[in-house]
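What follows is a single structure, written as structure tokens, with notes after it.
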Amino acid sequence: MNASPIREPPHGLISTLRNIGPSLILTANIVGSGELIMTTALGASAGFVTLWVIFASCAVKVVVQLEFGKHAIGSGETTLHSFNRLPGPKWRGVSWSLVVWFGVKLIQLVQYGGIVGAVALALHLAFPWAPPSVWAWACGLTTSMLVWRGGYRFVERTALVLTAMFSTVTVVCALLLQWTPYRISAGMLAEGLTFELPAAAVGVAVAAFGLTGVSADEIISYPYWCLEKGYAAHAGANDGSSEWAARARGWIRVMYVDAIASLVIYTTATAAFYVLGAAVLHGRGPVPEGRNIFLS
């Protein structure tokens with residue numbers, strides 16, 4: 001937060017789009033194996049009637065995400081540093097809020113393990129010459145190497161390429177359903193916007209909401225990516241001047257464009273996951289689990 005990186009915010013659409021990126025990394029975190037499984041399972045369990053849950057979770061997430069991002073630009077602080085300044089009891093200088101967050105992260109390790117296991121199982125089905133355990137180690141080590149490689153620009157570009165590939169394939173698959181016996185009608189989509197929630201689908205709906213919406217992972221990490229991108233550094237330290245306020249508002253505007261662009265991408269991809277499950281798997285018997293998720 002020194003004076004050297006201070007930059008005036010862009011004003012044109014093209015120049016603004018050249019400065020987006022943090023939300024695209026967040027999109028890569030959301031549009032992945034966990035979301036694929038849970039949203040498809042929700043569609044398979046409830047049919048089209050809970051499509052509104054997907055839209056609601058995506059919309060709620062971006063609202064909370066932007067508030068965290070605005071605080072990072074205004075203060076220059078990381079999320080956990082801000083949490084540690086919240087009022088309340090502390091233990092050896094550590095706020096109760098950090099303890100709660102750390103507990104949630106420990107529970108999330110089960111989710112991460114499930115994602116690695118699902119990817120390993122999919123790779124084993126595609127390349128059976130290696131057992132799932134080998135593919136799990138390969139996935140874990142590869143991911144660790146990508147993180148160790150570090151560098152914001154590398155992470156941003158990798159996330160953009162992978163998200164674009166994955167989202168395109170998913171949307172194309174959903175569109176191709178129109179030329180199959182599982183064709184989606186306007187009435188089916190309208191049924192998904194009636195805001196009904198069958199009792200049998202509540203558990204899966206909550207899990208899908210957590211993966212695509214607010215969680216201790218994506219929301220907390222977003223301000224870090226905003227800081228890495230330089231939004232706060234470009235605005236400069238808050239000196240209370242009108243010049244700083246104008247720069248901060250400008251970079252917050254860039255962040256809004258960044259968030260809206262990613263909202264369109266991950267909402268489209270998530271809805272595509274959902275309609276694939278609702279159109280193809282709903283009504284065909286029990287919701288697939290384990291290996292059957294990939295064989296159905």
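No hydrogens, no waters, no symmetry mates; every other heavy atom, side chains included, goes into these values.
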Same cluster or not: Leu98 versus Val100, using hydrophobic residues (I, L, V, M, F, W, Y) connected whenever any side-chain heavy atoms lie under 4.5 Å apart? no
With distance as the sole criterion, is a donor-acceptor pair present between the side chains of Ser23 and Gln65 under 3.5 Å? yes
Between CZ of Phe273 and OH of Tyr266, what distance do you get to the nearest 0.5 Å? 14.5 Å
Minimal heavy-atom distance between Thr268 and Val264, with the atoms involved, is OG1-O, 2.7 Å
Side-chain heavy-atom pair Ser167, Thr27 within 4.5 angstrom cut-off: no
Atom CH2 of residue position Trp96 - does it have more than 12 heavy atoms of other residues, nucleotides or ligands inside 6.0 Å? no
Say whether Met188 and Val275 are linked into one hydrophobic cluster, either directly or through other cluster members, by side-chain heavy-atom distances under 4.5 angstrom. yes
Would you mind reporting whether Val169 and Cys173 have side-chain heavy atoms less than 4.5 Å apart? yes
Parallel, tilted or perpendicular: which one describes the rings of Phe68 and Phe83, with boundaries at 30° and 60°? perpendicular
Hydrophobic cluster identity match, Val172 and Phe166, side-chain contacts under 4.5 Å: no
Please check: side-chain N/O of Arg253 versus main-chain N/O of Pro10, any donor-acceptor pairing under 3.5 Å? yes
Work out which heavy atom in Trp52 is nearest to a heavy atom in Glu196; give both atom names and the distance. NE1-O, 2.7 Å
Ignoring hydrogens and geometry, is there a side-chain-to-backbone donor-acceptor pair from Thr270 to Thr267 under 3.5 Å? no
Could you tell me whether the side chain of Trp135 and the main chain of Pro128 form a donor-acceptor pair under 3.5 Å? no
Over 60° means perpendicular and under 30° means parallel, so tell me whether Phe48 and Tyr274 are parallel, tilted or perpendicular. perpendicular
Main-chain N/O of Ala259 paired with Ser262 side-chain donor or acceptor, under 3.5 Å: yes
Could you walk me through whether Trp91 and Val99 pass side-chain contact (heavy atoms from CB on, under 4.5 Å), step by step? CA-CA 9 Å; Trp91 180 73; Val99 176; 5.9 Å; no
Quick check: closest heavy atoms across Ile6 and Gly236, and the distance to 0.1 Å? CG1-CA, 3.9 Å
If we check side chain to side chain contact (heavy atoms under 4.5 Å, CB included) with Tyr231, which of these qualifies: Arg7, Met255, Lys70? Met255
Given side-chain contact (heavy atoms from CB on, under 4.5 Å), test Cys226 with Asp258 step by step and report yes or no. CA-CA 10 Å; Cys226 288; Asp258 177 62; 5.7 Å; no
Main chain of Gly277, side chain of His282: is a donor-acceptor contact present, judged purely on distance under 3.5 Å? no
CG of Leu26 to CH2 of Trp225, rounded to nearest 0.5 Å, is 9.5 Å
To the nearest 0.5 Å, what is the distance between CG on Asn238 and CZ on Arg247? 10.0 Å
When clusters are formed by joining ILVMFWY residues with side-chain heavy atoms under 4.5 Å apart, either directly or through shared neighbours, do Trp148 and Leu162 land in the same one? no
Looking at Tyr112, I'd like to know if its OH atom is crowded, meaning that more than 12 non-hydrogen atoms belonging to other residues, nucleotides or ligands lie closer than 6.0 Å. yes
Quick check: does any side chain N or O of Ser57 sit under 3.5 Å from a backbone N or O of Ile54, one acting as donor and the other as acceptor? yes
Can Leu86 be reached from Phe102 by stepping across I, L, V, M, F, W or Y side chains whose heavy atoms are under 4.5 Å apart? yes
State, yes or no, whether a side-chain contact exists between Trp129 and Val134 at a heavy-atom distance under 4.5 Å. no
Distance, nearest 0.5 Å, that separates CG of Leu42 from OG1 of Thr50: 3.5 Å
OG1 of Thr168 to CD1 of Ile265: how many Å apart, nearest 0.5 Å? 9.5 Å
To the nearest 0.5 Å, tell me how far Lys61 NZ sits from Leu263 CG. 7.5 Å
Give the minimum heavy-atom separation between Glu77 and Ser82, together with the two atoms involved. OE1-OG, 2.8 Å
Here the pair of heavy atoms bringing His234 nearest to Pro5 is ND1-O, 2.9 Å
Please confirm whether the backbone N or O of Leu177 pairs with a side-chain atom of Thr180, one donor and one acceptor, at under 3.5 Å? yes
Evaluation steps, side-chain contact (heavy atoms from CB on, under 4.5 Å), between Tyr224 and Leu80: CA-CA 10 Å; Tyr224 287 87; Leu80 297 186; 3.5 Å; yes
What's the shortest heavy-atom distance between Ala136 and Val116, and which atoms? O-CG1, 3.7 Å
Side-chain donor or acceptor of Gln178 paired with backbone N/O of Ile184 under 3.5 Å: yes
Between the main-chain N or O of Gly93 and the side-chain N or O of Asn84, is there a donor-acceptor pair closer than 3.5 Å? yes
